[in-house]
Peer 1: 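Structure below; questions to follow.
Chain letters run A, B, ... following the sequence lines, proteins first, then strands; residues in each count from 1. Values below: all heavy atoms of this structure, side chains included; hydrogens, waters and symmetry mates excluded.
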Amino acid sequence: MSVDITSRVLPGIGVCQEVALHDGRRIGIVTRRSGLRDLVLYDEEGDGAAENVALTDDEANAVAEILGAPQLTFRLSVLQRQADGLIVEQLPIPADSPFTRRPLGDTQARTRTGASIVAVLRQGAAVPSPTPDFVLHAGDLVVTVGTQAAVDQVAHILDGSAGSADTGG
Amino acid sequence: MAASGGGETHVAVLLIELGAILFGLGVLGRFARRFNIPVIPLYLLAGLCFGQGGVLSLSASHDFVQVAADIGVILLLVMLGLEYSADELRSSLRAQAPIGVLDGLLNALPGAALALIAGWGATAAVALAGITWVSSSGVIAKTLGDTGRLGNRETPAILGVLVIEDLAMALYLPLLTALLAGGGAGKIVLTVSIAVAAVTVVLVVATRFGRHVTTLVSARDNESLLLGVLGLTLLVAGLAEELKVSAAVGAFLVGIAVSGTVAETAVEVLSPLRDVFAAVFFVFFGLSTSPGQLLPVLPLALALAVVTSGTKMTTGFVAAKRAGVKRRGRWRAAVTLIPHGEFSVVVAALAVAAGAQAKLGPTTACYVLITILIGALVHKWPDRLRSEQSTPR
């Protein structure tokens, strides 16, 4: 379902984006060049802010993650239904994994198995599309997409029970 | 030995005075933040208290502070240019050009008229016109941010007016500089034509070929970037000053030419420098104004402030109406444009330094303080208006 978003440039300051809600109200998000964000709830006249919440960069990211996390899981389950043979699993990093405190790239999961790691869940917060230098911690859930065999192999790699790197898959 | 001993003492006093000034400004800044008031008027007042004829006299640091003040103007303007992108300038011009013209006519004329009536002469009239024309981008942007009105529908209209005023200054300042330099009518016309042509050409080049200037200063590490941008700015400002185009305009054009992520990083690294030197500029302006000169010009400044508050409100109201904003928003836009600040002080400093009407200094100081006060007093009034209902309940 597409949402109506209008953008306004604020010269010298940043951008304001207005989102039209289904009940007729509008919410504005001001992105300042300095990195601060303002969440705006418009008053009944529609032009002015009834309420303006100023968020720092970190606060805005935290709010975005909380708002976005359910979306990620929902989209993945839709993907699962659409592509036969493709599964999505959340693989845990056990405490004794050889990859705790090591970057994701060290697992070479994609090269070795063909499966893709699309997100890492850490204490309920989702980190989508982690880069190869994203450091893994014990307790992280690695959201992996691939065939059953590939995903199983990634599970073995993560808990340290996989063979040497040149075992084909 | 005696000479070097005197030299050391001189440096010592200079350091003490400079340190005291800057520390004092820091305290003022904290005070301003605590009570949510703009800091520029406090800097001006501090300068007024401590300058010639004031409570204390700071003489050892005078020359250094003067150069620092010049650098302050240059940094203020390069930051202004850096914060605007070429697209923003173009789209603001296209959308708001008629309002820009209205703004100029309504607000510059009272200044010019008053100067002529007071018998200050044509050059002072042009200077005072510039002083009353331009609202303070700094004070207004800060107020909008602090009162949470950045998301309002009338805000782009307000900012658009400020953009056009800043662009207009790029053409106005060379005109003023040429007039202040004096000479016969023919010489003035020639200088002004050359300057205006040069600025227009550079403005077009800066917006179209800014990429090349940007690659000139772009650097991987912040230190090199800072030195590069600062160096280029001072260089171009100095050259502009030589060509009688005015250092401030040169700096503004450099700011416009540098774009993209380089501009963003440049804003980050230059901000602290700008804060220090711009603060010195405002204090220096206050320092060079004797408090004794304020009282005689107070009625003049007050009259000017009241008249131009009215004309600024008209500009804001019309700009918001044109943008399709409803009643409360129009009045909010109207009262937001009232405060004057940086540019007025820059123009006044320019005029006074060139030896034009000395009363311009104290008049501007009073005028800026009064308009900021009026702006602060009325800015919540539009919220009390009954709103125009947009959707039936």
Peer 1: Within a 6.0 Å radius of atom CZ on B:Arg322, are there more than 12 heavy atoms belonging to other residues, nucleotides or ligands?
Peer 2: yes
Peer 1: A:Ala54 versus chain B, heavy atoms under 4.5 Å apart: side chain, backbone, both or neither?
Peer 2: neither
Peer 1: Check whether any side-chain heavy atom of B:Arg330 sits under 4.5 Å from a side-chain heavy atom of A:Asp47, and report yes or no.
Peer 2: no
Peer 1: Heavy-atom distances under 4.5 Å only: say whether A:Glu51 touches chain B with side chain, backbone, both or neither.
Peer 2: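 Neither part.
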Peer 1: Let's test your reading of the structure: which of B:Pro156, B:Ser91, B:Gly329 forms the most heavy-atom pairs below 4.5 Å with chain A?
Peer 2: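 Greatest number of close heavy-atom pairs with chain A: B:Pro156.
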Peer 1: Give every residue pair that meets the salt bridge (Lys or Arg N to Asp or Glu O under 4.0 Å) criterion with at least one member in residues 143-152 of chain A, sequence neighbours excluded.
Peer 2: none
Peer 1: With a 4.5 angstrom heavy-atom cut-off, which part of A:Val9 approaches chain B: side chain, backbone, both or neither?
Peer 2: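 Both the backbone and the side chain of A:Val9 come within 4.5 Å of chain B.
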Peer 1: Could you check whether atom CZ of A:Arg102 has more than 12 heavy atoms from other residues, nucleotides or ligands sitting under 6.0 Å from it?
Peer 2: yes
Peer 1: Output the option from A:Gly24, A:Ala49, A:Gly28 having the highest count of non-hydrogen pairs under 4.5 Å with chain B.
Peer 2: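 Maximum pair count with chain B is reached by A:Ala49.
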Peer 1: Using a cut-off of under 4.5 Å for heavy-atom pairs, which of B:Asp166, B:Val267, B:Val325 has the most such pairs with chain A?
Peer 2: B:Val325
Peer 1: Strictly distance-based, threshold 3.5 Å: is any side-chain N or O of A:Tyr42 a donor or acceptor partner for the main-chain N or O of B:Gly151?
Peer 2: yes
Peer 1: Heavy atoms, side chains only, cut-off 4.5 Å: are A:Arg33 and B:Glu268 in contact?
Peer 2: no
Peer 1: Between CZ of A:Arg8 and CZ of B:Arg153, what distance do you get to the nearest 0.5 Å?
Peer 2: 6.0 Å
Peer 1: Is the shortest heavy-atom distance from the side chain of A:Leu10 to the side chain of B:Glu88 under 4.5 Å?
Peer 2: no
Peer 1: Taking A:Leu39, A:Asp38, A:Ile13 one by one, which has the highest count of heavy-atom pairs under 4.5 Å against chain B?
Peer 2: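 The candidate making the most pairs under 4.5 Å is A:Ile13.
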Peer 1: Please indicate whether B:Arg90 has more than 12 foreign heavy atoms, meaning atoms of other residues, nucleotides or ligands, lying under 6.0 Å from its CZ.
Peer 2: yes
Peer 1: Could you tell me which portion of B:Glu83 (side chain, backbone, both or neither) has an atom closer than 4.5 angstrom to a non-hydrogen atom of chain A?
Peer 2: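 Both backbone and side chain of B:Glu83 come within 4.5 Å of chain A.
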Peer 1: Locate the shortest heavy-atom distance separating A:Pro11 from B:Ser92; write the atom from each residue and the value.
Peer 2: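 The pair with the smallest heavy-atom distance is CG-OG, 3.7 Å.
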Peer 1: Nearest 0.5 Å, what's the CD1-CG distance between A:Ile29 and B:Leu150?
Peer 2: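 Nearest 0.5 Å value for the CD1-CG distance: 14.0 Å.
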Peer 1: Write out, in numerical order, the residues from residues 137-149 of chain B with a heavy atom short of 4.5 Å from a heavy atom in chain A.
Peer 2: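 Within residues 137-149 of chain B, the residues under 4.5 Å from chain A are B:Ala141, B:Gly145, B:Gly148, B:Arg149.
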